[in-house]
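In what follows, a single structure is set out as structure tokens and then discussed.
Numbered from 1 within each chain, the chains take letters A, B, ... in sequence-line order.
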2 protein chains.
Amino acid sequence: MDGNAKLSIVDVAKRAGVSTATVSRVINHNGGYSRETEEKVRRTIEECGFTPNANAIGLRTNKSRCIGVIVPDVTNEFFAKIIQELDFYLLKHGYSLLICNSNEDYELENMHIKGLIEKHIDGIVYISGQNEIKNINEIKHIPVVYIDRAPLNARMLILSDNQEGGYLATKEMIDKGCRRILLLRDVRCASTIRYRKEGYIRALKENGIPYREELEVSCFPDYAEARKVMDRLVRSGGCYFDGIFATNDMMALACINVLMEAGIKIPEQVKVVGYDNVSVTRFTSPQITTITQDTRQMAIAAGRTILRMIQKKEISEKRTIIPVKLEVRGTT
Amino acid sequence: MDGNAKLSIVDVAKRAGVSTATVSRVINHNGGYSRETEEKVRRTIEECGFTPNANAIGLRTNKSRCIGVIVPDVTNEFFAKIIQELDFYLLKHGYSLLICNSNEDYELENMHIKGLIEKHIDGIVYISGQNEIKNINEIKHIPVVYIDRAPLNARMLILSDNQEGGYLATKEMIDKGCRRILLLRDVRCASTIRYRKEGYIRALKENGIPYREELEVSCFPDYAEARKVMDRLVRSGGCYFDGIFATNDMMALACINVLMEAGIKIPEQVKVVGYDNVSVTRFTSPQITTITQDTRQMAIAAGRTILRMIQKKEISEKRTIIPVKLEVRGTT
DNA sequence: GTGAAAGCGCTAACAC
DNA sequence: GTGTTAGCGCTTTCAC
């Protein structure tokens with residue numbers, strides 16, 4: 001157990017009285033050695049605390065056992081959850097995660113991608129959060145799995161079932177008596193939001209409720225903006241509704257706060273459903289009914305797919321859709 | 001601009017009509033070449049889209065331009081913020097971040113550390129979140145900077161000014177008339193919490209208010225547990241207080257919800273101050289008064305320190321203390 | 001079942 | 001100011 005960690009397989013080979021080739025074979029379980037040799041080599045490795053040099057391996061094999069993860073904002077709980085699960089899944093398979101926080105900044109993203117390429121990472125998991133991937137050319141020749149959003153030329157895709165999510169959210173409120181459900185949606189016209197709206201409309205239709213344009217309100221999808229919009233709505237009093245489907249939890253939270261401050265009872269007078277099942281939804285009172293996106297399954301699907309692509313087991317085009325779930329809580 | 005990215009400096013050297021040594025010199029700004037040569041080499045690199053192979057460089061130089069970050073939970077906003085800032089700072093200096101989410105699981109952490117060592121990362125930023133670092137032996141010979149908590153044998157430390165934080169929080173409530181301030185603290189006796197409590201006591205002393213043991217309540221520092229404890233307190237009615245200093249924002253949030261549900265007015269009857277300035281504090285109504293830990297400065301200090309250690313410019317023992325700030329909002 | 005040796009792409013010492 | 005070359009630690013072909 002040498003703390004200096006300066007030994008190579010040459011040293012191990014010498015101590016074990018075999019060649020470096022044999023040591024390498026044993027380490028990589030490549031077969032072609034006797035039981036005793038294996039035993040002997042393993043023991044010496046153990047004894048002298050040998051650690052293989054990943055750079056040498058990488059140089060020789062052109063593999064790095066590293067996966068790059070590009071994400072717009074690690075600070076966003078939804079993305080953080082995916083990273084967490086991905087890290088866990090890939091660690092088990094001997095891979096490390098190189099994090100790239102793009103901050104939705106094109107230049108930063110480019111620098112990150114350049115770094116990833118230099119490092120000869122084996123694959124990229126692209127948690128997009130945006131509609132458009134501009135750097136797609138630079139990474140054409142390496143395996144990429146996209147999560148959440150799909151750039152036009154993406155081949156491998158992990159999505160969650162946004163249509164169903166919108167449907168479940170809306171249906172829940174209809175079932176509980178709502179007839180005029182406000183759709184408070186992310187103003188950016190991402191595919192995810194479009195699908196959620198489709199689900200919303202499907203639920204209405206199925207229950208004989210017409211879709212009304214005046215019940216669709218767009219806003220930038222953060223708490224502050226949603227508050228402003230809701231404030232206006234409530235103050236003007238012009239928009240009568242008995243339910244709100246907000247396309248994320250922060251917006252739902254904003255609705256709830258504005259309504260409660262205006263003395264409107266939730267869920268008695270107005271019901272609210274959010275989206276994502278971020279942890280705040282359980283920290284409010286009443287707790288927020290919301291749609292869970294299964295970050296765990298999304299991460300696992302992404303991990304499995306990227307590993308398969310790396311092993312060339314599968315290169316065909318594919319989109320995987322992960323089911324969502326309605327979380328019924330206090331606001332409906 | 002060749003997408004195959006298969007060229008080495010040998011190719012570049014050939015095309016530019018120089019030796020590989022010269023190409024290497026130019027790439028690394030090592031001097032010893034003429035203006036024209038440099039120009040020529042740079043142009044050919046540009047033209048053929050050459051990307052250096054980090055594995056080869058790493059093998060040769062024993063540097064990887066990678067920093068490992070060990071963190072208990074990327075999902076925690078406080079840690080995520082640090083990662084975000086660290087990523088930004090280190091990217092600018094040409095370093096990548098290998099993320100290791102330990103989940104406070106000893107075995108996972110060990111696997112991660114083993115991976116980091118194999119990858120010959122240049123340094124580790126250890127966002128501990130725990131009191132004890134057990135794997136310290138394995139990483140003795142590589143630069144490590146600890147953030148937030150300090151293991152006994154840590155040399156390089158970035159802390160935030162927890163004493164001052166506790167003081168400011170308490171003082172704010174005293175200044176606004178509180179005399180019986182509940183200390184709702186993380187039950188785990190981390191140094192961070194000890195310091196916050198010292199600050200709390202200092203503020204009391206300074207204002208002639210005696211410290212009362214019955215006003216100190218411990219609990220596991222998450223929302224659910226804090227709720228339980230507060231529920232008990234409020235229901236029993238035995239504990240009269242006019243202010244609460246909670247050692248994190250989740251606990252503060254729990255207090256507020258319980259109190260409001262019990263019909264107690266905030267801040268009129270009871271004032272509350274949290275800790276961390278997590279984003280939820282701005283999503284409640286009233287918004288939560290809290291202490292900001294400057295994650296940005298902590299990350300920058302950590303980044304700067306680790307780079308210095310890597311360049312051997314500084315190896316002395318040191319602890320850096322980052323100032324905190326009181327964020328006055330609706331709950332005081 | 002095992003070993004010798006070439007070579008991955010790069011840097012740096014040395015020679016000129 | 002520039003080129004030649006050894007060698008970083010490993011895998012893998014080929015020979016035995």
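- Using a 4.0 Å heavy-atom distance criterion, A:Ser24 is classed as a base contact.
- A rotation axis mapping the C1' atoms of four pairs onto the next four is fitted at both ends of the helix from C:dG1-D:dC16 to C:dC16-D:dG1 over five pairs, and the angle between these axes is 40° to 10 degrees.
- Phosphate proximity of D:dT2 to B:Ser34: present, with a side-chain N or O under 4.0 Å from OP1 or OP2.
- Using a cutoff of 4.0 Å between basic side-chain nitrogens and carboxylate oxygens, B:Arg35 and B:Glu39 are not scored as salt-bridged.
- Comparing C:dT2, C:dA4, D:dC10 by their closest approach to the side chain of A:Asn53 singles out D:dC10.
- In this structure, B:Ser8 does not reach the C:dG9 phosphate: none of its side-chain N or O atoms is under 4.0 Å from OP1 or OP2.
- A salt bridge does not link A:Glu36 with A:Lys40: every distance from a Lys NZ or Arg NE/NH1/NH2 to an Asp or Glu carboxylate oxygen is 4.0 Å or more.
- Judged by atom type and distance alone, B:Arg25 reaches the base of D:dG3 through a side-chain donor-acceptor pair under 3.5 Å.
- Using a 4.0 Å heavy-atom criterion, one finds that B:Ile57 contacts the sugar-phosphate atoms exclusively.
- Counting only heavy atoms from C-beta on, A:Phe50 has its side chain closest to D:dC10 among D:dT11, D:dC10, C:dA12.
- Remark: A:Thr20 is not in phosphate contact with C:dG3, judged by side-chain N or O atoms under 4.0 Å from OP1 or OP2.
- Within the 4.0 Å cut-off from OP1 or OP2 of D:dT2, at least one side-chain nitrogen or oxygen of B:Thr37 is found.
- In summary, B:Glu77 and B:Lys81 engage in a salt bridge, as defined by a charged side-chain N under 4.0 Å from a carboxylate O.
- The phosphate of C:dT11 has OP1 or OP2 within less than 4.0 Å of a side-chain N or O from B:Asn28.
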